[in-house]
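Predicted model only: the values in this text are computed from it and were never measured. In the text below, chain A, chain B and the rest are named by the order of the sequence lines, each starting its count at 1.
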Amino acid sequence: MLRFAPSPTGDMHIGNLRVAILNYLVAQQRHERFIIRIEDTDKARNIEGKDTEIMQILEKFALKHDSVSHQSENLHMHQMFAAKLLEEGKAFVCTCTAEELEIHREKAKEQKIAYRYSGQCMDVDKKELALLKENGIPFVVRIKKPSTQIINHDLIKGDIVTSPNEVDSFVILRTDGTSTYNFACACDDMLSDVDFIIRGEDHLSNTPKQMHIKTQLGFTKETIYAHLPIILNNEGKKMSKRDDASSVKWLFEQGFIPDAIANYLLLLGNTKAPKEIFTLPEAIEWFKLEDISKSAARFDLDKLRFINREHLKMMKDKALSSLFGFADENIGKLAKIYLEEASTISELENKIKPIFTPKQFEGEWAEQMRIMEKIIADAPMIDTFDEFKSYIMEKSGLKGKYFFKPLRLLLTGAEHGPELSEIYPLIKSYLLEIAS
RNA sequence: GGCCCCAUCGUCUAGCGGUUAGGAUCCAUGGUUUUCAUCCAUGUUACCGGAGUUCGAGUCUCCGUGGGGUCACCA
């Protein structure tokens, strides 16, 4: 069982998307189920509607899933598990206040050592719980730190050993009774029998904590972990919301298509890809998680542009034309010609749109354009560009650049562009509309 | 600062003890194109440093250095 567990606290991040794609891919390869779990336990940071937005993006990438759930629905289960740990003496009640902890934290910072929980509530008798509740004294529940080191045989990062002190006795239930991330995550993974976890490298230090929780809860099934190296921005820092390219929404707005984005994300850090341009279904055939490089990779927009163009080239003509509001194979073919000088849908749009918008009869060539417009309006339907060219030339008496420049302007709305002889056959059925 | 991870062209990477260190992208130049581009050809650019092991090290070991991640009652 695999899962994708995003939190609805912001725009879908490119790193999250990569995690989703990889989980889906591995689920397909292993013929296992793939579920979505929205991690909405932080009520304050949840943003209304982000969950559906995430689902829409998954839809666009055709990442089929078996079910969707919200983590908050499982709260009572988390509390039950916490009570079990408390009962078995594997967790304890802690009444340290935020202020007290803050003092310890600052002290640790001054001494330049890592902050660790003092352990001062560790031996509080569980019978006191009732008393605390009775008197309305706020408390949290902490799990006792492990007694031995924890080893994670990470599929990508290799064996990672963590000492008990690094895991620490951390909070699993907050003052308000809700579960913290690590606890909720471990419980839910356990409950849905998730045994293959692919996620970002930033979760590497959470892994021993979650392994510890599951062990204490008596879950013996071995979970395979794979931690993906993070994606860096141009400055070599972790991509954050500040980086435009980190937002999937932004990439869509820029005119990148899902197939290309998925291709790029799968290629990033991949050491054994048999080719550079491929689709997700193709990648399912050969992709190996173990072949992902251990080191972080920079996001390179130029490379994405290249891949996007290649995928645009592979699109069916009619489908491509629909991106510009047509259902005409010829317009798709026209767009492909313009792919010579464009890499994204929006760049393509900037080339195609001027062809179909009324022309500006001004500037150096205005007079010649007027002449040609009139000739075309009265001309019969002409099949080939050669005949068309001869016809206009003869009627107008123009030649050389005094002929080609204004003709190009009249037909395409641009001074430069692909060969008119290639464009003409594709737009001739719209000629009257265009040449005006 | 503690812990953990990483280190080959600007970028993504190949290399798994002996190579003229390869590919892709980007960039530059030339040719083709009555335009810009495409296309074709060509080219610039890389093994973080230092010890050690070895006949021989980008490749193995150690130590530096650099970069990154993470250290919450966030996820």
Side-chain angles (χ1 to χ4, degrees), chain A residues 5-10 16 38-46 71 94 96-98 101-102 105 108-117 138-142 152 154 156-158 160-163 165-168 170-185 199-209 227 229-230 232 234-238 264 267-273 275-277 293-307 309 336-342 351 399-401 403-405 408-409 412 414-420 422:
Chain A
S7 62
T9 53
N16 287 132
I38 308 284
E39 309 225 314
D40 58 346
T41 52
D42 185 358
K43 283 173 233 128
R45 292 208 316 159
N46 285 345
Q71 189 158 55
C94 171
C96 295
T97 63
L101 295 175
E102 192 51 41
R105 240 190 294 276
K109 206 172 177 185
E110 267 172 39
Q111 293 172 0
K112 301 201 170 207
I113 52 170
Y115 164 75
R116 291 283 114 80
Y117 175 65
F139 64 90
V140 299
V141 178
R142 287 177 183 270
N152 161 29
D154 198 272
I156 294 171
K157 294 283 178 177
I160 292 169
V161 182
T162 311
S163 68
N165 265 337
E166 287 300 317
V167 177
D168 209 8
F170 58 96
V171 175
I172 56 174
L173 238 46
R174 302 184 186 102
T175 316
D176 65 359
T178 59
S179 42
T180 58
Y181 164 71
N182 277 307
F183 194 60
C185 186
R199 57 188 6 175
E201 187 178 18
D202 43 341
H203 283 290
L204 205 51
S205 56
N206 287 326
T207 303
K209 291 182 199 278
H227 286 91
I230 52 160
L232 268 24
N234 262 332
E235 280 81 49
K237 303 272 181 196
K238 181 182 175 182
Y264 179 69
L267 195 62
L268 201 60
N270 198 304
T271 61
K272 297 279 193 301
K275 53 181 178 173
E276 277 204 299
I277 307 298
S293 158
K294 287 183 180 186
S295 53
R298 283 184 199 221
F299 188 89
D300 183 5
L301 207 57
D302 278 333
K303 190 86 179 198
L304 210 212
R305 289 170 57 81
F306 162 73
I307 291 173
R309 191 168 65 196
K336 283 186 183 173
I337 290 174
Y338 272 99
L339 234 27
E340 289 170 1
E341 45 194 65
K351 306 280 182 187
K399 54 188 173 184
K401 69 174 178 177
F403 175 79
F404 284 102
K405 278 269 185 183
R408 174 176 293 284
L409 234 24
T412 69
E415 275 196 63
H416 304 291
E419 302 272 354
L420 284 176
E422 285 185 57

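- A gap of 11 Å separates the P atoms of B/rC48 and B/rG10, to the nearest Å.
- As judged by a 4.0 angstrom heavy-atom cut-off over every strand, A/Gly417 is placed among the base-contacting residues.
- Judged purely by atom type and a 3.5 angstrom limit, A/Asp154 uses its side chain to pair as donor or acceptor with the backbone of A/His227.
- Contacts of A/Gly269 with the nucleic acid, taken as non-hydrogen atoms under 4.0 Å apart, involve only primed sugar atoms and P, OP1 or OP2.
- Put simply, the side chain of A/Tyr117 reaches to within 4.5 Å of the side chain of A/Leu101, judged on heavy atoms.
- Base pairing annotation: B/rG2 forms a Watson-Crick or G-U wobble pair with B/rU70, both donor-acceptor distances under 3.5 Å.
- Residue A/Thr41 has a polar side-chain atom (N or O) positioned under 4.0 Å from OP1 or OP2 of B/rA75.
- Taking 4.5 Å as the limit, some side-chain heavy atom of A/Thr412 sits within range of a side-chain heavy atom of A/Leu420.
- Considering A/Thr175, A/Thr180, A/Leu173 in turn, A/Leu173 is the only one that fulfils the side chain to side chain contact (heavy atoms under 4.5 Å, CB included) rule with A/Val141.
- If you take atom P in B/rC74 and the same atom in B/rC16, they sit 49 Å apart, rounded to whole Å.
- The aromatic ring of A/His203 sits over the base of B/rA75, with ring centres less than 5.5 Å apart and planes inclined by under 30°.
- Base engagement by A/Arg45 is indicated by at least one non-hydrogen atom pair under 4.0 Å involving a base atom.
- Within 4.0 Å (heavy atoms only), A/Thr175 reaches at least one base atom of the nucleic acid.
- Remark: B/rA46 base-pairs with no nucleotide; criterion is Watson-Crick or G-U wobble with both hydrogen-bond distances under 3.5 Å.
- Using Watson-Crick or G-U wobble geometry with both donor-acceptor distances under 3.5 Å, B/rC60 finds its partner in B/rG52.
- The gap from the P atom of B/rU11 to that of B/rG2 amounts to 28 Å, rounded to the nearest Å.
- Mapped onto RNA chain B by nearest heavy atom, A/Lys401 and A/Phe306 fall at different nucleotides, with A/Phe306 at the one closer to the 5' end.
- Applying the Watson-Crick and G-U wobble criteria (two distances, each under 3.5 Å), B/rA7 pairs with B/rU65.
- For the C1' atoms, the distance from B/rG43 to B/rG49 is 30 Å, rounded to whole Å.
- A/Phe183 is not listed as a side-chain neighbour of A/Thr41, based on a closest heavy-atom distance of 4.5 Å or more.
- Nearer the 5' end of RNA chain B, as judged by each residue's closest nucleotide, is the contact made by A/Glu166, out of A/Cys96 and A/Glu166.
- Across all strands, A/Asn206 comes closer than 4.0 Å to base atoms (heavy-atom distances).
- An OP1 or OP2 oxygen of B/rA75 is reached within less than 4.0 angstrom by a side-chain nitrogen or oxygen of A/Arg174.
- Residue A/Arg105 is in sugar-phosphate contact alone, with no base atom involved, counting any heavy-atom pair closer than 4.0 Å across all strands shown.
- For the pair A/Lys157 and B/rG69, the criterion of a side-chain N or O lying under 4.0 Å from OP1 or OP2 is not met.
- Nucleotides B/rG58 and B/rC47, compared at atom C1', are 5 Å apart to the nearest Å.
- Counting only heavy atoms from C-beta outward, the side chains of A/Glu340 and A/Lys351 never approach each other to under 4.5 Å.
- Here A/Lys109 lies out of heavy-atom contact (under 4.0 Å) with every strand.
- Across all strands shown, A/Pro229 has no heavy atoms under 4.0 Å from either base or sugar-phosphate atoms.
- Protein atom CG of A/Leu267 is 11 Å distant from nucleotide atom P of B/rA14, rounded to whole Å.
- Within the 4.0 angstrom heavy-atom criterion, no nucleotide atom of any strand lies near A/Gln111.
- Residue-to-nucleotide contacts include a donor-acceptor pair under 3.5 Å from the side chain of A/Arg408 to the base of B/rU35.
- A ring-centre distance under 6.0 Å is found for A/Phe299 and A/Tyr264.
- Of the nucleotides present, none pairs with B/rA37 by Watson-Crick or G-U wobble criteria with both distances under 3.5 Å.
- Looking at heavy-atom distances under 4.0 Å, A/Tyr181 makes contact with a base.
- Between A/Lys294 and the phosphate of B/rU13, there is no side-chain N or O to OP1/OP2 separation shorter than 4.0 Å.
- As rounded to the nearest Å, B/rU8 and B/rU19 have C1' atoms that lie 14 Å from one another.
- Residue-level contact check: A/Lys272 touches the backbone only, with heavy atoms under 4.0 Å from sugar-phosphate atoms and none from bases.
- The separation of B/rA46 from B/rG22, taken at their C1' atoms, amounts to 12 Å, rounded to a whole angstrom.
- Within the 4.0 angstrom heavy-atom criterion, base atoms lie near A/Val140.
- The separation of B/rU61 from B/rG68, taken at their P atoms, amounts to 25 Å, rounded to a whole angstrom.
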